[in-house]
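Remember, it's a predicted structure, so these values are computed and weren't measured experimentally. Counting starts at 1 for both ligands and their atoms, in listed order.
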Amino acid sequence: MFWTDRIVEKIEVWRKDTTKPLIVRDEKTMSGRAHVGSMRSVAVHALVSEVLTEHAIENSFKYEFNDFDPFDSIPPYLDASFYKEYLGKPLYTVPSPELGFENYAEYFSAEFITVHKKAGFYPSYYRATGLYRSGVMDPYIKTALERVADVRRILKEISGSEKDDTWLPISVVCEKCGKIMTTRAYDFDGKTVAYACDKKITGITSCGHTGRLSPFSGGSKLFWKVDWAAKWGAIGVGVEGGGKDHSTKGGARDVSNHIAREIFGEEPPFDTPYEFFLIGGKKMSSSKGSGSSAKDMADLLPTQIFRLLLIGKDVREQISIDPKGDSIPRLYDWYDKLAEHARNGDKDDYARLYALCTPPKEREALTTPWQMRFSEVAFLVQMPHLSLHKEAKKSKGSTLNSVELDALEERAEYARLWLMSYAPEKYRFVLQKEMPKTELSDIQKKAISSLYEFMQEGEKTGDAVHSKLHTLKEEIPITPKELFSALYRVFLDRDSGPKAGWFLSVLPHDFVLKRLKEAY
Ligand SMILES: [Zn+2]
């Protein structure tokens, strides 16, 4: 069973009150440009929401941009001398890197929204500051402050984290310097808390100010694990998963579950932990700014392929992609394999995934057009004298319909983009106009001469050339490596290339004959 269907079945069993609409929630702290790995969480929640809807379970997907957390490090792509003074302040008070955005968090949220849209995910958005200012968090803040001894006990018992007797589970914004990271709140009198701006944090100065303020209606922010549990209650969250790193025993989720039950007296939402998302084998963090940003990846892939990357793997498996390696052509091949199952009318996980790669709105009108393999399209777009349409028609064996032509054009556009950006050297080809300087062995020459005789009979299909190359191995005899490297050498001046039979069939026939003759 496809992972989302399995999760939704579990949710149906778990859910006791079947009339209340379910709220699916996810959140991201907007500390900088979102890394593509952040999209896994968005995709898990968005897809669960989509499948719940399919099962006629009323639900909504709410996505929080956390703009209340502190600005704790300056991403390498920003001017450190400008941003230094904002370290330690809440994100909503940090200026946007560009004009036209209310603040730093809004700037990066806007970019991340375009990525969600590219994937066909349309959650309803809200901001952490809006939630706190609305007052819905106030009863939870009050309870957490009144029962702080129990909060401290839970933290110690579950995660082993010890807090001193004055510690309160909130942080306040210093009225003098505007920082949230450097303040220490204590002494709750039922209406206000005392605080001192005196925390020692490397690289961030505290101003020493002391005062009292109301922690309610946006005056304070609960610490993460308490904040998480409070939001579940305040919003009425029914489904919310977390990354594998937060889902261990004694981890953030475990602590928040205990706080939800023991402090707020509410059941935590249905949990659906998910595995890591690796780029080039590494787990990247968005604040480091290294690796591929969500925006870069969204720009590189059409919607269906982007969705496949995000939802194709079971939540229990890691996603691993290396845009500088074979990952991109493999993603397309994977998609084409799914399409084949759909075309055959299969009712399996492949066909299911194929359908889910298209956003719900367009899913009903979904067709499975014939598609040329991505690696072939990528090769053809590099051969200026070849017509992509003509070769596609030859490859399909009949004229392409308008849907297939559109699909071909789209693939060509994304192939060009990939070739200009991440494509590794082995996918970049230049057809050699002149015979390259190369030393072929007598055996290689003999094989090329035999191939020339065969090609001289007339234009051949890729399969026919492929079969001929196969027989040459025995006939000459020649090892496949020697044979193929000779062919790639004389046409592309390199040792590897696309499937040789297909490649020789798409090049202009006269050119192939001329070059083969020159080579032996
Ligand atoms: Zn201060």
Side-chain angles (χ1 to χ4, degrees), residues 27-32 64-76 78-97 101-109 127-135 137-138 140-142 144-146 148 151-152 155 161-228 230-231 287:
E27 137 175 18
K28 171 151 181 55
T29 295
M30 297 320 291
S31 51
E64 174 182 311
F65 288 120
N66 192 325
D67 58 351
F68 208 168
D69 277 345
F71 179 56
D72 60 0
S73 66
I74 307 168
L78 292 178
D79 180 1
S81 63
F82 175 78
Y83 277 103
K84 205 166 164 270
E85 66 169 290
Y86 298 99
L87 281 170
K89 293 185 177 181
L91 290 163
Y92 73 92
T93 66
V94 180
S96 161
F101 300 88
E102 209 175 306
N103 57 55
Y104 186 91
E106 284 306 309
Y107 173 78
F108 289 108
S109 302
R127 274 74 181 162
T129 47
L131 187 74
Y132 273 93
R133 285 172 189 154
S134 76
M137 295 290 277
D138 289 352
Y140 293 88
I141 294 171
K142 191 160 188 284
L145 290 172
E146 284 168 353
V148 62
V151 174
R152 282 196 288 257
L155 285 172
S161 154
E162 283 203 51
K163 305 291 178 194
D164 69 59
D165 289 348
T166 64
W167 179 89
L168 295 179
I170 55 167
S171 47
V172 298
V173 180
C174 172
E175 292 153 296
K176 196 176 168 205
C177 72
K179 288 175 189 165
I180 189 169
M181 231 173 146
T182 47
T183 59
R184 184 172 51 84
Y186 56 94
D187 183 34
F188 176 54
D189 65 10
K191 286 197 169 69
T192 62
V193 292
Y195 75 93
C197 183
D198 63 0
K199 266 197 195 168
K200 285 184 176 53
I201 299 166
T202 315
I204 304 174
T205 50
S206 49
C207 74
H209 182 72
T210 58
R212 293 198 78 93
L213 50 72
S214 163
F216 303 114
S217 303
S220 75
K221 191 189 82 68
L222 286 160
F223 284 131
W224 179 31
K225 294 159 198 174
V226 187
D227 166 271
W228 203 4
K231 280 169 183 167
S287 51

Would you list the atom pairs, donor with acceptor, under 3.5 Å between side chains in residues 171-183 and any protein atom, with sequence neighbours excluded?
unit_1: E175; atom_1: OE1; unit_2: Y195; atom_2: OH; d: 2.5
unit_1: K179; atom_1: NZ; unit_2: T205; atom_2: O; d: 2.8
unit_1: K179; atom_1: NZ; unit_2: T205; atom_2: OG1; d: 3.4
unit_1: T183; atom_1: OG1; unit_2: V172; atom_2: O; d: 2.6
unit_1: T183; atom_1: OG1; unit_2: I180; atom_2: O; d: 3.2

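Annotation for K163: atom NZ counts as buried by contact number, over 12 foreign heavy atoms lying within 6.0 Å.
In this structure T210 satisfies the side chain to side chain contact (heavy atoms under 4.5 Å, CB included) test together with A196, sequence neighbours excluded.
Applying the side chain to side chain donor-acceptor pair (under 3.5 Å) test to pairs two or more places apart or on separate chains, those with a residue in residues 81-90 are D79-S81.
The backbone N or O of L168 sits nowhere less than 3.5 Å from a side-chain atom of Y186 that would complete a donor-acceptor pair.
Under 2.8 Å from the Zn ion (ligand 1), one finds the following protein N/O/S atoms: C174 SG, C177 SG, C197 SG, C207 SG.
Under 4.0 Å is where a charged nitrogen must lie from a carboxylate oxygen, and between K231 and D227 at least one such pair does.
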